[in-house]
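Reviewing the structure listed below.
Below, all heavy atoms of this structure are taken into account, side chains as well, without hydrogens, waters or symmetry copies.
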Amino acid sequence: MSFTLTVISAPAKPAVTADLVAKIRSVIRVDTDFTWLMEGVACDFVIPKHPDYANLRAELRVALSNAGVDMALQPSEGRKKKLLLADMD
């Protein structure tokens, strides 16, 4: 089963930088497909295979705790993007 990690920041304070993307990739430790949803603001990582999704979520929370972003890790199968609403206060 593959999972999709979505990383989101406030458009007024873009926080999804190249350095942050590299940091996320180092935490994931497997090859991923990467897509900008809005450069600097939001992106998706499609993670086709990972040995331990439960620990991955915890590791990502720690790695991103002070980055000024929100994240969602969810199964890719059946995922439909209809509306994304985020409160970045």
Side-chain angles (χ1 to χ4, degrees):
M1 173 185 288
S2 70
F3 280 72
T4 300
L5 170 68
T6 303
V7 181
I8 309 153
S9 67
K13 287 185 167 184
V16 186
T17 63
D19 288 342
L20 184 64
V21 169
K23 183 177 186 177
I24 292 166
R25 283 190 164 140
S26 73
V27 172
I28 295 172
R29 296 182 305 274
V30 296
D31 289 334
T32 63
D33 290 330
F34 172 81
T35 305
W36 282 112
L37 302 176
M38 182 176 180
E39 192 164 346
V41 176
C43 63
D44 276 345
F45 295 84
V46 178
I47 308 165
K49 295 179 184 176
H50 194 278
D52 190 354
Y53 283 108
N55 282 330
L56 176 61
R57 182 182 306 269
E59 290 174 18
L60 286 165
R61 286 181 194 240
V62 169
L64 301 177
S65 64
N66 294 318
V69 298
D70 286 335
M71 65 161 228
L73 182 63
Q74 57 192 331
S76 298
E77 188 176 321
R79 180 175 176 261
K80 295 179 183 179
K81 295 184 226 172
K82 291 186 178 182
L83 174 67
L84 172 65
L85 180 62
D87 180 6
M88 297 299 295
D89 288 337

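Residue pairs meeting the side-chain hydrogen bond (donor to acceptor under 3.5 Å, both in side chains) criterion with at least one member in residues 60-69: none, sequence neighbours excluded. A salt bridge (Lys or Arg N to Asp or Glu O under 4.0 Å) check over residues 3-28, counting only residues at least two apart or in different chains, returns nothing. Within the structure, every pair that satisfies the ring pair (Phe, Tyr, Trp, His ring centres under 6.0 Å) test and touches residues 4-38, not counting sequence neighbours, is listed here: F34-W36, F34-F45.
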**OP:** Evaluate the side chain to side chain contact (heavy atoms under 4.5 Å, CB included) criterion for residues T35 and D33: first the C-alpha distance (whole Å), next the side-chain angles of each, then the deciding distance (0.1 Å), finally the verdict.
**Re:** CA-CA 7 Å; T35 305; D33 290 330; 5.6 Å; no
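In this structure, the side chain to side chain contact (heavy atoms under 4.5 Å, CB included) partners of P75, at least two apart in sequence or on a different chain, are M1, F3. By the side chain to side chain contact (heavy atoms under 4.5 Å, CB included) test, N55 is found to be paired with D52, E59, residues two or more places apart in sequence or in another chain being considered. Partners of S2 according to the side chain to side chain donor-acceptor pair (under 3.5 Å) rule, which considers only residues two or more places apart in sequence or in another chain, are S76. Residues satisfying the side chain to side chain donor-acceptor pair (under 3.5 Å) criterion with T32, sequence neighbours excluded, are absent altogether.
Contact record, A15 with S9: N-OG, 3.1 Å, taken as the closest heavy-atom pair. The two atoms that bring K49 and V30 nearest to each other are O-CG2, 3.3 Å, heavy atoms only.
Rounded to the nearest 0.5 angstrom, I24 CD1 and L60 CG are separated by 7.0 Å. For the atom pair I28 CD1 and I47 CD1, the distance stands at 4.0 Å (nearest 0.5 Å). Rounding to the nearest 0.5 angstrom, the gap separating the CG atom in L64 from the CG atom in D70 is 10.0 Å.
In this structure, V46 shares a hydrophobic cluster with no other residue, the cluster being traced through Ile, Leu, Val, Met, Phe, Trp and Tyr side chains under 4.5 angstrom apart. Hydrophobic cluster membership for M38: V41 (Ile, Leu, Val, Met, Phe, Trp, Tyr linked by side-chain heavy atoms under 4.5 Å, directly or transitively).
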